[in-house]
Amino acid sequence: MSSAARAGEPAPPPASPEASPLPPGRPALPAAIAQSSPAAAALAGIAAAAAGIGVSELVAGLVPGAPSLIVAVGSLLIALQPPGAKDLVVALFGASDKTALGVAVAVVGLAAGAAAGVLARRSLRNGVELLLVVGTAAGVAALLQPLDSPLLGLLNAAIGAVVAIAALRYLLVLAAAPRVDVGARTGGALEPPGGMPAWGRRRFLLGAGGLLGGALVAGGVGRFLLQRRFPAAAPVSANLPVPTELVPPLAPAQSLTAPGITPIVIPNDRFYRIDTELLVPQVDAATWQLQVTGMVDRPLTLSYDDLLALPLFEQYVTIACVSNPVGGDLVGNALWTGVHLRQVLAAAGIQAGATQIVGRAVDGFTVGFPTSWALDPSREPMIAVGMNRVPLPAEHGYPARLIVPGLYGYVSATKWLSEIQLTTMEAFDAYWVRLGWAKEGPIVAESRIDHPADGASLAAGPVTIDGVAWAPDRGISRVEVRVDGGAWEAAQLSRAISRATWVQWLYRWTATSGTHTIEVRAADGSGALQSATPSAPFPSGARGYDRIQVAVA
Ligand SMILES: Nc1nc2c(c(=O)[nH]1)N[C@H]1C(S)=C(S)[C@@H](COP(=O)(O)O)O[C@H]1N2
Ligand SMILES: [Mo]
């Protein structure tokens, strides 16, 4: 302690050149700290925590394989969420909310720093211990990051903790020393009691501000480097081989025209993204392998080139997230390019009794769905390598993912796929199933009103009401609209591309003045109406009619 105290010893103030703030041999630091103000101690703690976080982010940015502690703790929080934390799922896993989670983790870290600073006034040791506890927690989180080096994770947490502790002691000395020293030596005559002298405060604030600024720069540079290592959209240069089976261009009747109507095919950069990753995994296709394992006669290992050498085909498939609320946009339709899953399974030879297909990702995420679902000849599950005729974007699973028509993403659509394992339904529960979501996840029939917007103010007269409806892979047979609880009226539909895709619908309404409620409902390919009874997304998908209110002048 004394060496650190000496290291952090401020230069003597010009007003009392003989003063030595913390004379050696005196247990001065704790006593001195005790007299610093709580606010100064908290600020010291915040700056110290910021320094620890900033330096560790910089290390994560500079050293490949060293995890960001922020990302590690955020990922741990995601992993530790209570079973059935339904709203949390939507809240945490939307793309923009990942930033919010990172910010929240950092804020909690700074708050812990503030607490450590205040604690240190009573006992420096306790303050240091709190920082050690936080550092250890971050270290454990870093250890659990599947794509990073555990050793570098521990090391980075240790670096962060050491920097934070050293910074805390340094700042507390700055905060405490002047008044104690001057007061102790002069009997308090030279300085007013109860406050740091101006020069001391200035030096403390300069120290804390300098550390905060440095932490911000270090953290910013680290973030920048991390994001460069994990770009939001990886520029994938390689072109895909031309599929042996190409789909024809969309016929005019396969999409409707109305201003702003949701397009039949969602562009990649507007496609919803849901996953448990805070940084998009960057997989090197040159070293990536896909294993086919478990209850198969011939386990397989396929490289990216092996996969691309198989016959590729294209199909439009609408995928949806089980967490999508009624009216939500966690659903989209794309043209996927890939390999027939059944062809790969046949090459491996499925053994009798293998009732479940498990998809594993490079990050440890898992899905599972019935083998019978995949083998049903009415649908064409695929190992997708392309999305809307370009290689899969990194955030959508480059280099390969599963696309299984008719199933929610959480049981099927494994991004960054690394293994397909044949097992039994009983033997394995996938990631979200362990958290309480339904074991099987067929997509519930739903319809959505996109225009007008809920709460819109409209002029009386003709109004176009439009949206989309989906029930992969049973198809949509009709969509109906009703106004103010009146009769259900048929909407016009786009001609469905296939039963695996959504349709657009459109209804021309003559708006009369007043407030109106507009509802939509769809029937699937068998004619079965979507459920009218509202339910939350957990555990098997949201049900109920989408409904808006508009005011017509
Ligand atoms: N590796 C991995 N794959 C994953 C997930 C994930 O968290 N990790 N999330 C799944 C879920 S819940 C959904 S809804 C879809 C979303 O796919 P998208 O982000 O391409 O729209 O991916 C699925 N595949
Ligand atoms: Mo999902």
Side-chain angles (χ1 to χ4, degrees), residues 245 289-302 306-307 310-313 315-322 336-385 397 400-444 471-475 498-501 524-526 539-541:
E245 303 162 56
Q289 289 186 327
L290 173 61
Q291 317 265 7
V292 184
T293 64
M295 297 170 69
V296 292
D297 296 330
R298 297 166 294 275
L300 301 177
T301 301
L302 299 171
D306 293 339
L307 205 58
L310 294 171
L312 296 179
F313 77 110
Q315 68 176 332
Y316 290 96
V317 178
T318 297
I319 65 170
C321 183
V322 68
W336 307 95
T337 304
V339 168
H340 296 274
L341 175 63
R342 283 202 288 270
Q343 181 179 1
V344 172
L345 294 178
I350 304 174
Q351 292 178 353
T355 49
Q356 184 175 212
I357 299 176
V358 169
R360 292 178 186 276
V362 297
D363 59 341
F365 179 82
T366 53
V367 307
F369 52 93
T371 308
S372 56
W373 189 277
L375 296 187
D376 186 327
S378 71
R379 59 181 64 97
E380 202 54 72
M382 69 202 300
I383 303 169
V385 292
R401 74 178 300 172
L402 290 176
I403 292 290
V404 184
L407 296 183
Y408 282 123
Y410 81 103
V411 290
S412 68
T414 326
K415 304 191 276 189
W416 316 292
L417 181 67
S418 62
E419 184 179 342
I420 297 169
Q421 182 190 10
L422 275 292
T423 180
T424 63
M425 286 303 266
E426 298 74 30
F428 182 78
D429 284 341
Y431 185 96
W432 286 113
V433 176
R434 265 177 267 153
L435 289 168
W437 293 76
K439 174 89 181 181
E440 296 192 33
I443 299 177
V444 167
D473 57 346
R474 308 180 299 288
S498 78
R499 291 193 309 168
T501 65
D524 72 11
S526 75
S540 62

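Looking only at side-chain heavy atoms (C-beta outward), S418 and V362 come within less than 4.5 Å of each other. Contact check for F428 versus V433: no side-chain heavy atoms found under the 4.5 Å cut-off. Looking at heavy atoms from C-beta onward, Q343 lies in side-chain contact with P311 at the 4.5 angstrom threshold. Proximity of E380 to R342: side-chain heavy atoms (C-beta onward) are separated by under 4.5 Å at one or more points. In this structure, the side chains of Q315 and R379 stay at 4.5 Å or more apart for every pair of heavy atoms.
Looking at residues two or more places apart in sequence or on another chain, you find no side-chain hydrogen bond (donor to acceptor under 3.5 Å, both in side chains) involving E440. Annotation: side-chain hydrogen bond (donor to acceptor under 3.5 Å, both in side chains) contacts of R360 (sequence neighbours excluded): Q421. Under the ring-ring contact (aromatic ring centres under 6.0 Å, His included) criterion, Y316 pairs with no residue at all, not counting sequence neighbours. Under the salt bridge (charged side-chain N to carboxylate O under 4.0 Å, His left out) criterion, D306 pairs with no residue, sequence neighbours left out. Legend: residues meeting side-chain contact (heavy atoms from CB on, under 4.5 Å) with E245, ordered by chain and number and at least two apart, are F313, H340. Taking A384 as the reference, W336, M382, R401, I403 meet the side-chain contact (heavy atoms from CB on, under 4.5 Å) condition, with sequence neighbours excluded. For A438, the side-chain contact (heavy atoms from CB on, under 4.5 Å) partners at least two apart in sequence or on another chain are Y410, S540. With sequence neighbours left out, the side-chain hydrogen bond (donor to acceptor under 3.5 Å, both in side chains) criterion links S372 to no other residue. Every residue meeting the side-chain hydrogen bond (donor to acceptor under 3.5 Å, both in side chains) condition with D524, not counting sequence neighbours, appears here in chain and number order: R474, S526. Under the side-chain contact (heavy atoms from CB on, under 4.5 Å) criterion, A374 pairs with L341, I357, F369, P381, not counting sequence neighbours.
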Tell me, with the steps shown, if V317 and T501 meet side chain to side chain contact (heavy atoms under 4.5 Å, CB included). CA-CA 5 Å; V317 178; T501 65; 5.7 Å; no
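Distance check, rounded to the nearest 0.5 Å: CG of D429 to OG1 of T366 gives 9.0 Å. Distance check, rounded to the nearest 0.5 Å: CG of L407 to CG of D473 gives 8.0 Å. Distance check: I350 CD1 to M295 CE gives 10.5 Å after rounding to the nearest 0.5 Å. Taking CD1 of I420 as the start and OG1 of T293 as the end, the distance is 9.0 Å to the nearest 0.5 Å. From L417, atom CG reaches atom CG of L402 across 4.5 Å, with rounding to the nearest 0.5 Å.
Counting only residues at least two apart or on different chains, no salt bridge (charged side-chain N to carboxylate O under 4.0 Å, His left out) pair has a member in residues 345-354. Sorted by first and then second residue, the salt bridge (charged side-chain N to carboxylate O under 4.0 Å, His left out) pairs involving residues 362-374 (not counting sequence neighbours) form an empty list.
The closest donor-acceptor contact from the side chain of Q356 to the backbone of P370 lies at 3.5 Å or more, if one exists at all. A side-chain donor-acceptor contact under 3.5 Å links T371 to the backbone of A354. Checking side-chain atoms of W373 against main-chain N and O of P405 turns up a donor-acceptor pair under 3.5 Å.
Residues Q291 and T301 have side chains that bring a donor and an acceptor to within less than 3.5 angstrom of each other.
V322 and G541 make their closest contact through CG2-N, 3.4 Å (heavy atoms, listed as atom of the first residue, atom of the second, distance). Residue K415 comes nearest to A361 through the heavy atom pair O-CB, 3.2 Å, listed as atom of the first residue, atom of the second, then distance.
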